[in-house]
Structure formats: C-alpha cells, structure tokens
J.: 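Let me give you the structure first, and then I'll get to my questions.
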Amino acid sequence: MVRLRLSELIVNRTVAGVRAAESNYVFLSPPEQLKTRLLGRRFLEILRHGKYLLLALDDHSRLLVHLGMTGQLFTSSALSPRLHNARSQPKPNANGAFTPDQHTHLTLSFTDNRAQLHYRDCRKFGKLLWLPQGASDPRLERLGVDALAVTATTLYKALSSRSVPVKSCLLDQSVLAGVGNIYADEALFQARVAPLRPARSVNYEQAKILTQAIRRVLKKAILRGGSTIDDYVHPDGSEGQFQNSFSVYGREGKACPRCRTPIQRVVIGQRSSHFCPKCQC
DNA sequence: ATCGTTGCCTGAGGGC
DNA sequence: TGCCCTCAGGCAACGA
C-alpha cells in the first residue's frame with residue numbers, strides 16, 4: 001500500500017534538494033552519499049520485496065528503504081495527528097503542515113516545487129541504503145519468496161525441516177518475506193493452526209490452507225490500507241483501517257469471533273502472539 | 001543448517 | 001512530581 005501510494009506521489013519527479021540528518025542508525029549509506037547520489041535524479045518506479053521498498057532512479061541506482069516498526073514515509077502536504085500528536089509530537093508550522101523534527105532523517109524536495117517527501121522514524125528501526133546500478137545487498141539476497149506469491153509447496157517444504165513454532169517460521173523473512181507479527185497471528189487464526197505448534201507438524205493440506213490464509217489476510221490488509229496502531233501513516237498522511245478488523249491480534253481476553261472463547265496471549269520468540277485456544281490446534 | 005539470545009532504539013505507561 | 005522499570009518488535013549478529 002505504501003508502494004502504491006508512494007508511486008503516485010514521486011514517480012517521474014526529479015530531486016532538487018536533499019536534507020539528511022547526521023549519520024545515525026538508520027543510515028546504512030552515509031548521509032553525504034545520499035545527498036550526492038539523489039540530487040538531480042528522477043524516480044522511475046517503486047518496487048517491493050517483502051517489507052523492503054526499492055525506489056528505482058533514472059541512473060539505474062536504487063534507494064533501499066525499510067520502515068521498521070515506526071518508520072514513516074510521507075509528503076509535506078500530509079496532515080495527520082499521527083504526525084503531529086503521536087510519538088515525540090512534532091509541531092505543525094503556521095500552515096498546519098509538517099516540518100522536519102529530530103526524528104526526520106531524510107527530506108527530498110523536487111524540481112516541480114510541489115510537496116516534499118519525508119522519511120521519519122523515531123525509533124530508528126528502519127533502514128536507508130543507496131545501491132549503485134547492478135548492486136544488491138545481503139539483506140535482499142537473504143529474503144525468501146514474497147508472501148503474496150508463496151505457494152503451498154514452498155511453504156510446506158520450509159516448514160517441514162524446522163522444529164521451532166510455526167509462528168516463528170512465518171516471521172522468518174528468509175522463509176517468507178513480508179509477514180509481520182500482526183499478520184502472522186491473523187493468518188494462523190484464519191487457518192486454525194495454533195502458533196506454538198512445531199513447524200514440521202504442519203502437514204501439506206494445512207500448509208495449503210495456511211498459504212491461502214496468508215494471502216487473504218495480506219490482501220485484505222492492503223485493501224484496508226494497513227494497520228495503524230501507534231505510528232503508521234500512508235504517504236498522504238491518511239491512516240490504515242485494518243486494525244479494526246483484527247480477529248485475535250491485541251484482543252487478549254476478548255471473545256473469539258468464531259466461538260466466543262477468550263483469546264489467549266503467549267510469548268513466542270520474544271513476540272506476543274494471540275490465538276484462540278479452541279479454534280486453533 | 002538450525003536454534004536461541006542479545007542489542008539496537010524511543011516513548012508510553014505502570015508502580016512506588 | 002519524578003524516577004525507574006517494562007514493554008512494543010524487525011532484524012543483524014553471535015555463539016552453540
């Protein structure tokens with residue numbers, strides 16, 4: 001969804017100015033290099049693999065972007081309380097528009113003088129990396145097949161060799177790229193598979209159902225514009241709506257939408273996991 | 001090859 | 001009021 005909306009906002013625009021923060025945890029490329037390499041470049045298209053965005057430039061270099069948990073990519077015309085009142089409270093300027101604060105790591109302005117693009121991440125879990133023409137990165141090379149393209153056979157093979165909980169496998173980006181904590185819980189619920197089950201105990205038929213559930217959950221989430229909990233916003237400042245459709249995630253103690261049994265929460269691999277103890281086995 | 005743990009990072013919220 | 005603690009989680013790196 002970010003890819004789609006961002007495409008509308010920056011494809012075919014040419015960078016006229018780059019403001020980068022001091023070197024910090026989000027900069028895998030030195031800020032000075034980003035300034036030099038992005039200036040004067042035009043965006044051709046935006047691609048996505050798993051949770052990574054690839055912004056293709058007209059010199060065939062690419063800007064790799066990961067939003068982490070709290071990363072925000074949006075334009076200066078975006079108006080959202082998520083930008084003005086959420087974490088760290090950046091203040092709107094006199095026009096009510098966003099002005100870069102201490103968490104805004106990169107700002108691009110364009111030759112058409114229309115809205116700027118900001119990259120903001122208060123927890124610095126996101127990443128920015130400039131890739132020369134033809135270059136890749138281990139982060140990309142390691143990724144498994146994109147979750148929206150996964151087949152039952154691929155998922156079954158990946159699960160069958162592992163003893164860890166199936167939930168941990170779904171979160172492993174080298175197995176399946178693009179599934180995060182929320183969507184893993186929701187997909188396991190849809191497929192009626194308990195998150196703690198050893199991955200290798202999932203048979204082919206169940207892997208097939210799980211594959212379909214993953215695709216369905218992700219597609220529905222994209223359709224609803226993603227999940228806004230604390231920080232997530234679209235490039236235009238609007239918010240996702242999928243958080244209103246959660247069946248299990250964040251619903252500990254509340255009724256399972258299928259059988260009314262209270263949803264349970266357990267910690268798996270340091271991640272909170274939510275499931276229905278009756279429906280999922 | 002697989003597995004479990006730790007560190008990175010900031011803000012919110014709870015307890016005292 | 002203020003201080004300390006825990007929690008949120010995507011991912012790399014490490015040792016076993």
Side-chain angles (χ1 to χ4, degrees), chain A residues 2 21-29 48-54 64-73 81-91 100-106 119-129 136-144 146-147 154-155 157-188 195-202 214 218 221 226-233 240 242-243 246 248-253 265-274:
Chain A
V2 171
E22 293 293 301
S23 182
N24 65 36
Y25 195 68
V26 306
F27 288 105
L28 296 175
S29 300
R48 182 191 64 77
H49 188 171
K51 302 177 187 177
Y52 289 88
L53 288 172
L54 281 159
L64 180 67
V65 179
H66 194 299
L67 294 177
M69 282 189 59
T70 49
Q72 301 171 318
L73 208 42
R82 300 286 166 187
L83 300 174
H84 295 153
N85 302 322
R87 281 174 200 282
S88 83
Q89 310 205 348
K91 296 287 181 282
D101 64 341
Q102 75 272 26
H103 300 302
T104 308
H105 306 294
L106 187 71
Y119 178 86
R120 180 172 185 267
D121 185 359
C122 85
R123 286 174 66 185
K124 300 191 179 75
F125 273 42
K127 295 278 175 283
L128 291 173
L129 173 64
S136 188
D137 183 84
R139 291 168 178 76
L140 287 176
E141 297 300 316
R142 267 196 296 270
L143 292 180
D146 188 85
T154 306
L155 186 63
K157 268 190 198 159
L159 296 179
S160 61
S161 65
R162 299 168 146 253
S163 58
V164 290
V166 59
K167 158 104 188 244
S168 300
C169 252
L170 296 189
L171 291 179
D172 185 336
Q173 302 296 300
S174 68
V175 170
L176 196 63
V179 176
N181 198 40
I182 293 172
Y183 303 117
D185 279 4
E186 293 297 315
L188 287 165
L196 276 167
R197 270 181 59 179
R200 63 163 126 251
S201 77
V202 175
I214 290 165
L218 289 177
S227 309
T228 297
I229 294 178
D230 287 325
D231 304 280
Y232 178 75
V233 288
F242 191 64
Q243 69 278 8
F246 291 166
V248 288
Y249 184 83
R251 297 191 66 248
E252 182 183 15
R265 174 182 174 275
V266 292
V267 174
I268 303 173
Q270 340 272 59
R271 312 267 154 74
S272 66
S273 305
H274 311 76

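For clarity, every value in this text was computed on a predicted model and none was experimentally measured. Per chain, numbering begins at 1; letters A, B, ... match sequence-line order.
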J.: Kindly write out the residues that satisfy side-chain hydrogen bond (donor to acceptor under 3.5 Å, both in side chains) with A:Ser168, not counting sequence neighbours, or none if the list is empty.
T.: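 With sequence neighbours excluded, A:Ser168 shows a side-chain hydrogen bond (donor to acceptor under 3.5 Å, both in side chains) to no residue whatsoever.
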J.: Under the salt bridge (charged side-chain N to carboxylate O under 4.0 Å, His left out) rule, collect the residues that match up with A:Arg251, sequence neighbours excluded.
T.: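 Listed in chain order: nothing, the list is empty.
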J.: Distances for protein N/O vs nucleotides 5-7 of chain C N/O pairs under 3.5 angstrom?
T.:
none

J.: Atom OH of A:Tyr52 and atom P of C:dG10: how far apart are they, to the nearest Å?
T.: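 So the two atoms are 12 Å apart, to the nearest Å.
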J.: Remember a base hit wins even if backbone is also touched, and classify A:Ser168 as base, sugar-phosphate or nothing at under 4.0 Å, heavy atoms.
T.: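 The residue A:Ser168 makes no contact with any strand.
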J.: Contact class for A:Lys127 (heavy atom, under 4.0 Å): base, sugar-phosphate, or nothing?
T.: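 It contacts nothing in the nucleic acid.
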J.: Taking five pairs at each end, how big is the angle between the two axes of the helix from B:dT2-C:dA16 to B:dC16-C:dG2, to 10°?
T.: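 Comparing the axis at each end, I get an angle of 50°.
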J.: Only counting residues at least two apart or in another chain, list the ones meeting side-chain hydrogen bond (donor to acceptor under 3.5 Å, both in side chains) with A:Thr154.
T.: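 Counting only residues at least two positions away or on another chain, A:Thr154 forms a side-chain hydrogen bond (donor to acceptor under 3.5 Å, both in side chains) with A:Thr151.
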J.: Can you sort out the partners of A:Arg139 under salt bridge (charged side-chain N to carboxylate O under 4.0 Å, His left out), two or more places apart, ordered by chain and number?
T.: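 Listed in chain order: A:Asp137.
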J.: Tell me every residue that passes ring-ring contact (aromatic ring centres under 6.0 Å, His included) with A:His66, counting only those two or more places apart in sequence or in another chain.
T.: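 In terms of ring-ring contact (aromatic ring centres under 6.0 Å, His included), with neighbours along the sequence ignored, A:His66 is linked to A:Tyr52.
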J.: At under 4.0 Å between heavy atoms, what does A:Arg142 touch on the DNA or RNA strands: base, sugar-phosphate, or nothing?
T.: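 The answer is sugar-phosphate, as A:Arg142 gets under 4.0 Å only of primed atoms, P, OP1 or OP2.
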J.: Of the nucleotides B:dG11, C:dA12, C:dC11, which has the atom closest to the A:Arg271 side chain?
T.: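 Closest nucleotide to the A:Arg271 side chain: C:dC11.
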J.: At their closest point, which heavy atom of A:Ala184 faces which heavy atom of A:Val179, and how far apart are they?
T.: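 For A:Ala184 and A:Val179, the tightest heavy-atom pair comes out as N-CG1, 3.6 Å.
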J.: Please give, in whole Å, the distance from B:dT10 C1' to A:Asp231 CG?
T.: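 Interatomic distance, CG of A:Asp231 to C1' of B:dT10: 10 Å.
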J.: Among residues at least two apart in sequence or on other chains, which ones pass side chain to side chain contact (heavy atoms under 4.5 Å, CB included) with A:Lys124?
T.: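 Testing A:Lys124 for side chain to side chain contact (heavy atoms under 4.5 Å, CB included), a comparison that skips the adjacent residues, returns A:Asn24, A:Tyr25, A:Val26, A:His105.
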J.: Salt-bridge test for A:Arg123 and A:Asp231: reply yes if a basic N is under 4.0 Å from a carboxylate O, no otherwise.
T.: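 Here A:Arg123 does not pair with A:Asp231 in a salt bridge, since their nearest N and O are not under 4.0 Å apart.
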J.: Which whole-number value in Å describes the distance from A:Tyr249 OH to C:dA8 C1'?
T.: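 Atom OH in A:Tyr249 sits about 7 Å away from atom C1' in C:dA8.
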J.: With sequence neighbours excluded, tell me which residues meet side-chain hydrogen bond (donor to acceptor under 3.5 Å, both in side chains) with A:Asp172.
T.: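 Result, side-chain hydrogen bond (donor to acceptor under 3.5 Å, both in side chains) vs A:Asp172: A:Arg162, A:Ser174.
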J.: Tabulate protein N/O versus nucleotide N/O from nucleotides 4-8 of chain B, keeping only pairs under 3.5 Å, one per line.
T.:
| unit_1 | atom_1 | unit_2 | atom_2 | d |
| --- | --- | --- | --- | --- |
| B:dC8 | O2 | A:Tyr25 | OH | 3.2 |

J.: Got a sec, which residues hit side chain to side chain contact (heavy atoms under 4.5 Å, CB included) with A:Ala158, two or more places apart in sequence or on another chain?
T.: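 A:Ala158: side chain to side chain contact (heavy atoms under 4.5 Å, CB included) contacts with A:Val175.
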J.: Who passes ring-ring contact (aromatic ring centres under 6.0 Å, His included) against A:Phe242, sequence neighbours left out?
T.: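 For A:Phe242, the residues satisfying ring-ring contact (aromatic ring centres under 6.0 Å, His included) (neighbours in sequence not counted) are A:Tyr183, A:Phe246.
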